[in-house]
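Down below is the structure, laid out as structure tokens.
Keep in mind it's a predicted model, so treat the numbers as computed, not measured. Heavy-atom basis, side chains included; hydrogens, waters and symmetry copies ignored.
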Amino acid sequence: FSSGLGAIQRGFEISTGRFFRALTGSRGLDVRLFCGADFPGAESVWNIGRNFWLSGMLKPFSSMNKEKLWKLAYVLEQTTFSFGLIPNSTKRWQPDVVWTKEVPLAHVLYEFRKVFGGHYKIIFANGGGFKPKTYQHFDFIQHLQPEAYEEALQFGVPEEKMNVLPNLVPYVPPTASKEELRRKYNFSDDDYIVICVAAWNVHHKRMDYLIDEFARLDDPKCKLIVCGQPEPEGLALRETLPEGLAERVRWMTVADTEVRELLELSDVFVLCSLYEGLGAALIEAAMAGLPVLSHPHGGGKYILQDDRWLIDMSVTGKLRQRLRE
């Protein structure tokens, strides 16, 4: 189950689509995907998407805290998705197992089962790095990296109801040379290109830190690609960039297949979040052969396994210094 899949280009949605494609056709499994918009092989479930709430019903409140505004729109999407999902799938189809990364939806399914009955088990994939108190009562927990698993063990979640299984990240061979891709996207061969693939927000992906550290490089040949799903915080940040800096920063939302091209044409990948459930974009960047810079959170340590690529991004100047190196 994924309410945003088909409409949102974010880690939760992309990884859900990949998981579905990998399981489809497996012997002994009848796998069905329910999502909030059109997606190949999936059944679309009515909902009012977060983008509608942000641009429509919640627009008059756009001056409020943008993190809270986005979270409110997200919960409202999950709630309306649940209205269409439960009678459509859990009652009509009667699954044995439901799998989701969405916390609000998982809780709705849990409460619905308590009140109305149902024999389905809930697998919660902890893609957001949530704390054990949030998910301890679900039937099974899929952790994406060992640090989250160990935290849950220490909290008291039984070992037999958890495992560690990262996101599926397929290898996609390059379709053209670095030089050809730079021409396609209007970059020069002598540009030094920093890329970040993440949602455009401040509260988690820390786009403000990234922009500030990049701006202090003060080199017109140094360019930044911010590739990901627009969110109110990032849109506000983009609108306030000074003219000289705005010309060096390119904000892009592209299809999954084009992300690999942007990685291929870049020189270094950066992810500035201080915590991650995994951070699958780090894996994709490494597969593209890029130097990868991450904060030493559980996901970064698990994926990169080398202190050379881990820097403390809670400290001003650290990223700037490393990019200069």
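Gln145 approaches Ala148 most closely through the heavy-atom pair OE1-N, 3.1 Å. Across all non-hydrogen atoms, the minimal contact from Phe81 to Ser3 is CG-CB, 3.6 Å. Nearest heavy-atom pair across Leu310 and Asp306 is CG-O, 3.8 Å. When all heavy atoms are compared, the tightest approach of Gly6 to Ala37 is C-CB, 3.6 Å. Of all the heavy atoms in Thr100 and Ala106, the pair that sits closest is CG2-CB, 3.9 Å. Nearest heavy-atom pair, Leu271 versus Gly279, reported as atom, atom and distance to 0.1 Å: CD2-CA, 4.5 Å.
Shown here is Glu160, whose CD atom has more than 12 heavy atoms of other residues, nucleotides or ligands within 6.0 Å. Remark: Arg324 CZ is packed, more than 12 non-hydrogen atoms of other residues, nucleotides or ligands lying under 6.0 Å away. Crowding of Lys121 atom NZ: a count of heavy atoms from other residues, nucleotides or ligands under 6.0 Å not exceeding 12. The number of heavy atoms from other shown groups lying within 6.0 Å of CG (Asp312) is above 12. Annotation for Glu243: atom CD does not count as buried by contact number, only 12 or fewer foreign heavy atoms lying within 6.0 Å.
Side-chain N or O atoms of Asp139 include one that pairs as donor or acceptor with a backbone N or O of Ile122 at under 3.5 Å. A donor-acceptor pair under 3.5 Å links the side-chain atoms of Glu233 to the main chain of Val202, judged by distance alone. Not one N or O on the side chain of Ser266 forms a donor-acceptor pair closer than 3.5 Å with the backbone of Val194. The backbone N or O of Gln136 lies less than 3.5 Å from a partner atom in the side chain of Lys161, making a donor-acceptor pair. No donor-acceptor distance shorter than 3.5 angstrom exists from the side chain of Tyr209 to the backbone of Thr316, with no hydrogens or angles considered. No donor-acceptor distance shorter than 3.5 angstrom exists from the side chain of Gln9 to the backbone of Gln229, with no hydrogens or angles considered. In terms of modelled atom types and a separation under 3.5 Å, the side chain of Arg50 and the main chain of Ile8 share no donor-acceptor contact. In this structure a side-chain-to-backbone donor-acceptor pair under 3.5 Å is missing from Arg206 to Ser314. Of the possible polar contacts, none joining the Ser188 side chain to the Asp191 backbone as a donor-acceptor pair under 3.5 Å is found. Between the side chain of Asn47 and the backbone N or O of Val45 there is at least one donor-acceptor pair closer than 3.5 Å.
No continuous path of hydrophobic side-chain contacts links Val197 to Leu5 [ILVMFWY only; heavy atoms under 4.5 Å]. With hydrophobic clusters built from ILVMFWY side chains whose heavy atoms lie under 4.5 angstrom apart, Tyr110 does not share a cluster with Phe140. Residue Leu210 is grouped with residue Met252 when hydrophobic side chains (ILVMFWY) are merged at heavy-atom distances under 4.5 angstrom, including chains of intermediate members. The cluster map of Ile, Leu, Val, Met, Phe, Trp and Tyr, joined by side-chain heavy atoms under 4.5 Å apart, puts Met162 and Phe130 in the same cluster. Both Leu263 and Tyr192 are assigned to one and the same hydrophobic cluster, defined by single-linkage of ILVMFWY side chains at heavy-atom distances under 4.5 Å.
Of the inter-residue distances, the one linking Asp30 atom CG with Leu23 atom CG reads 11.5 Å to the nearest 0.5 angstrom. Residue Met313 holds its CE atom at 6.0 Å from OG of Ser294, rounded to the nearest 0.5 Å. Taking OG of Ser2 as the start and CZ of Phe20 as the end, the distance is 12.0 Å to the nearest 0.5 Å. Leu278 CG to Ser15 OG: the interatomic distance, rounded to the nearest 0.5 Å, is 9.0 Å. We find the CD-CG distance between Glu213 and Asp208 to be 10.5 Å, quoted to the nearest 0.5 Å.
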* Asked: Passes salt bridge (charged side-chain N to carboxylate O under 4.0 Å, His left out), Asp267 versus Lys221? Steps please.
  -> CA-CA 12 Å; Asp267 292 292; Lys221 297 306 294 181; over 6 Å; no

* Might you work through the salt bridge (charged side-chain N to carboxylate O under 4.0 Å, His left out) test for Glu150 and Lys301, ending with a clear yes or no? => CA-CA 14 Å; Glu150 293 298 328; Lys301 289 186 287 187; over 6 Å; no

* Asked: Could you go step by step and tell me if Gln321 and Ile311 meet the side-chain contact (heavy atoms from CB on, under 4.5 Å) rule?
  -> CA-CA 10 Å; Gln321 176 186 343; Ile311 56 176; over 6 Å; no

* Stepwise side-chain contact (heavy atoms from CB on, under 4.5 Å) test for Leu217 and Phe214 -> CA-CA 6 Å; Leu217 292 173; Phe214 173 81; 4.1 Å; yes

* To do: Please step through side-chain contact (heavy atoms from CB on, under 4.5 Å) for the pair Thr257 and Thr175, ending with a clear verdict.
  => CA-CA 10 Å; Thr257 52; Thr175 57; over 6 Å; no

* From CA spacing to verdict: salt bridge (charged side-chain N to carboxylate O under 4.0 Å, His left out), Glu151, Lys131 -> CA-CA 8 Å; Glu151 181 183 38; Lys131 297 299 180 182; 2.8 Å; yes

* To do: Take Glu179 and Arg183 through the salt bridge (charged side-chain N to carboxylate O under 4.0 Å, His left out) test and state the conclusion after the steps.
  => CA-CA 6 Å; Glu179 293 74 22; Arg183 285 193 289 273; over 6 Å; no

* For Tyr135 and Val103, run side-chain contact (heavy atoms from CB on, under 4.5 Å): C-alpha distance rounded to whole Å, both residues' side-chain angles, the deciding distance at 0.1 Å, then the answer. => CA-CA 8 Å; Tyr135 57 72; Val103 169; over 6 Å; no

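In this structure, the ring of His295 has its center no less than 6.0 angstrom from the ring center of Tyr275.
Under the ring pair (Phe, Tyr, Trp, His ring centres under 6.0 Å) rule, Phe1 has a single partner from Phe19, Trp99, Phe34, which is Phe34.
Between Phe138 and Ile123 there is no side-chain heavy-atom pair separated by less than 4.5 Å. For the pair Val259/Ile14, no side-chain contact is recorded, criterion being any heavy-atom separation below 4.5 Å from C-beta on. With contacts defined as side-chain heavy-atom distances shorter than 4.5 Å, the pair Glu231/His203 qualifies. Residues Trp309 and Phe269 have side chains not in contact (no heavy-atom distance under 4.5 Å, counting atoms from C-beta outward). Here the side chains of Arg238 and Val226 are not in contact, with every heavy-atom distance at 4.5 Å or above. Between Leu105 and Leu85, some side-chain heavy-atom pair lies under the 4.5 Å cut-off. Using a 4.5 Å cut-off on side-chain heavy atoms (C-beta onward), Ile211 and Leu224 make contact. Residues Arg18 and Val169 meet the side-chain proximity criterion, which asks for heavy atoms closer than 4.5 Å.
In this structure, Arg250 forms no cation-pi arrangement with Tyr185, as its terminal cationic atom is not both closer than 6.0 Å to the ring centre and no more than 45° off the ring axis.
Lys205 has a carboxylate O that lies under 4.0 Å from a charged side-chain N of Glu276, or vice versa, which qualifies the two as a salt bridge. The pair Glu264-Arg260 counts as a salt bridge, with a side-chain nitrogen and a carboxylate oxygen less than 4.0 angstrom apart.
Residues meeting the side-chain contact (heavy atoms from CB on, under 4.5 Å) test with Arg216, sequence neighbours left out: Asp212, Arg320.
Between His143 and Tyr149, the ring planes are perpendicular. Angles over 60° get that label, and only those under 30° would be called parallel.
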